[in-house]
Amino acid sequence: MLTDAQRDDFYTACAQAINTAGRTRESLLLARLALLLADELGDIDRAKAAIAHALQDLPEPRLAP
């Protein structure tokens, strides 16, 4: 398990990578990242469970106040 600090660090790295990829390649980057992480995990059931977990209560995007 990641610590809160590690989770924040990874979130920041993901956000920066998404920004670098740009809107037109964002989905491709995220799909590629998911495949690479699933391969590292080496467990298809856990990888699919992570997808389901990520979809739970996924908020609608909104502009920050």
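Bear in mind the structure is a predicted one, so any value in this text is a computation, not a measurement.
- Counting only heavy atoms from C-beta outward, the side chains of Leu41 and Leu37 never approach each other to under 4.5 Å.
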Begin with the C-alpha distance, continue with both residues' side-chain angles, and end with the deciding distance and a verdict on side chain to side chain contact (heavy atoms under 4.5 Å, CB included) for Thr3 and Arg7. CA-CA 6 Å; Thr3 65; Arg7 186 171 286 140; over 6 Å; no
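- By the criterion of side-chain heavy atoms lying less than 4.5 angstrom apart, applied directly or through intervening Ile, Leu, Val, Met, Phe, Trp or Tyr residues, Ile51 is grouped together with Leu58 in one hydrophobic cluster.
- Note that CD of Glu26 and OG1 of Thr20 are 11.5 Å apart. Values are rounded to the nearest 0.5 Å.
- Atom CD of Gln6 is surrounded by more than 12 heavy atoms from other residues, nucleotides or ligands within 6.0 Å.
- By the neighbour-count criterion of 12 heavy atoms within 6.0 Å, atom CG of Asp4 is sparsely surrounded, having that number or fewer from other residues, nucleotides or ligands.
- A donor-acceptor pair is defined here as one N or O able to donate and one able to accept, closer than 3.5 Å; such a pair exists between the side chain of Arg25 and the backbone of Ala21.
- Here the rule is side chain to side chain contact (heavy atoms under 4.5 Å, CB included) with Gln16, and of Asn19, Ile18, Thr12 only Thr12 fits it.
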